[in-house]
Protein chains: 2
Amino acid sequence: MIQNSRKTKQRDAVHAVLEHADHPLSVAELFEAASKHIDGLGVATVYRAVSALLSEGWIEAVEIPGEPVRYERSDKGHHHHFQCEKCDRVFDLSGCVENLRTLVPPKFRVSSHAVTLFGTCATCAR
Amino acid sequence: MIQNSRKTKQRDAVHAVLEHADHPLSVAELFEAASKHIDGLGVATVYRAVSALLSEGWIEAVEIPGEPVRYERSDKGHHHHFQCEKCDRVFDLSGCVENLRTLVPPKFRVSSHAVTLFGTCATCAR
DNA sequence: GTCGTTGCAAAGCGTTTGCAGCCTA
DNA sequence: TAGGCTGCAAACGCTTTGCAACGAC
């Protein structure tokens with residue numbers, strides 16, 4: 001029997017929060033959001049739910065230098081991120097950069113890349 | 001009295017390792033390398049030496065998603081990094097990408113950016 | 001009734017801090 | 001000698017794990 005996965009209100013809650021999130025969320029944020037719906041929810045459960053969703057491939061880790069790992073649905077296609085230095089929120093960016101290959105020395109093979117921009121978001125810029 | 005900084009063999013050792021490093025080093029790597037010269041060196045000392053060098057501005061943090069922070073001399077100018085997925089080593093890249101500003105929505109201001117490429121280095125590609 | 005899931009608490013792990021003794025300057 | 005620096009160990013913050021009770025199927 002291949003790995004089963006049961007439907008529980010805890011997992012549903014974590015799933016739902018990520019489902020409707022418009023930006024990547026950290027475990028702490030997930031925990032806080034999901035706790036509003038589930039009484040007595042434990043952090044460990046959130047970690048386990050996240051691991052499950054990761055290995056299912058339904059979410060992906062968004063790792064930003066110097067920041068806790070965040071997670072977002074993996075059905076968003078290739079994109080990068082922007083972090084506001086004022087409010088710390090992380091935004092999805094569409095589009096990508098080119099000519100990355102020209103940066104590396106000969107014989108190096110590039111298989112993937114990460115681009116993170118930092119600055120001030122529209123809200124904080126006002 | 002402004003903050004003094006004394007010359008000790010521990011700090012010298014950490015300084016020297018970073019001085020001659022051709023790629024960014026993690027605290028663990030620094031500790032290992034410096035320990036070869038200093039008997040009984042403590043990790044805490046390495047952390048403190050790194051903090052001191054950071055606030056002096058002599059080194060900078062190189063943060064690669066999902067990796068421990070590494071450090072390198074800050075006199076290298078603007079550049080990005082490449083991490084080999086086989087050997088985990090991090091290489092400096094020269095050059096930079098353009099049109100980053102076009103990725104962000106209107107009203108967003110970009111102040112800095114990080115680009116990390118992943119793939120296989122020349123040595124591991126063979 | 002099974003056995004995957006949960007909450008709690010303990011254990012890990014990497015980093016930081018408190019402290020008494022050490023050693024630069 | 002003064003006070004910054006060091007090593008050790010305890011403290012931290014975040015993540016993982018062990019375990020008995022719980023509950024999905």
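All values below were derived from every heavy atom in this structure, side-chain atoms included, with hydrogens, water molecules and symmetry-related copies excluded. The structure presented is a predicted model; accordingly, all values stated were derived computationally and were not measured. Per chain, numbering begins at 1; letters A, B, ... match sequence-line order.
- The base of dG4(D) lies outside donor-acceptor range of the side chain of Arg11(B), with no N or O pair under 3.5 Å.
- Dashed line: the shortest gap from a side-chain N or O of Gln10(A) to OP1 or OP2 of dG23(D) is not under 4.0 Å.
- The base of dG4(D) has none of its N or O atoms less than 3.5 Å from a complementary donor or acceptor on the side chain of Arg48(B).
- To the nearest angstrom, C1' of dT16(D) lies 15 Å from CG of Leu54(A).
- Atom CD1 of Ile38(B) and atom P of dG7(D) are 8 Å apart (whole Å).
- Regarding Lys7(A), its NZ atom lies at a distance of 13 Å from the P atom of dT5(C), rounded to whole Å.
- For the pair Thr8(A) and dT6(C), the criterion of a side-chain N or O lying under 4.0 Å from OP1 or OP2 is met.
- Between the P atom of dC8(D) and the CG atom of Leu41(B) lies a distance of 9 Å, rounded to the nearest Å.
- The nearest heavy atom of DNA chain D to Arg6(A) and to Val27(A) marks one nucleotide each, and the one closer to the 5' end goes with Val27(A).
- Summarising the local packing, NZ of Lys9(B) is surrounded by 12 or fewer heavy atoms from other residues, nucleotides or ligands at distances under 6.0 Å.
- Linking Ile, Leu, Val, Met, Phe, Trp and Tyr whenever their side-chain heavy atoms come within less than 4.5 Å puts Leu100(B) and Leu117(B) in one cluster.
- For CZ of Arg109(A), the number of neighbouring non-hydrogen atoms (other residues, nucleotides, ligands) closer than 6.0 Å is 12 at most.
- Judged by distance alone, with hydrogens and angles left aside, the side-chain atoms of Ser74(A) form a donor-acceptor pair with the main-chain N or O of Trp58(A) at under 3.5 Å.
- If you measure from atom CD of Glu32(B) to atom C1' of dG14(C), you get 16 Å, rounded to the nearest angstrom.
- Rounded to whole angstrom, the span from the CG atom of Asp12(B) across to the C1' atom of dT6(D) amounts to 14 Å.
- Each of Ala28(B) and Lys9(B) lies near DNA chain C, and the nucleotide nearest Ala28(B) is the one positioned closer to the 5' end.
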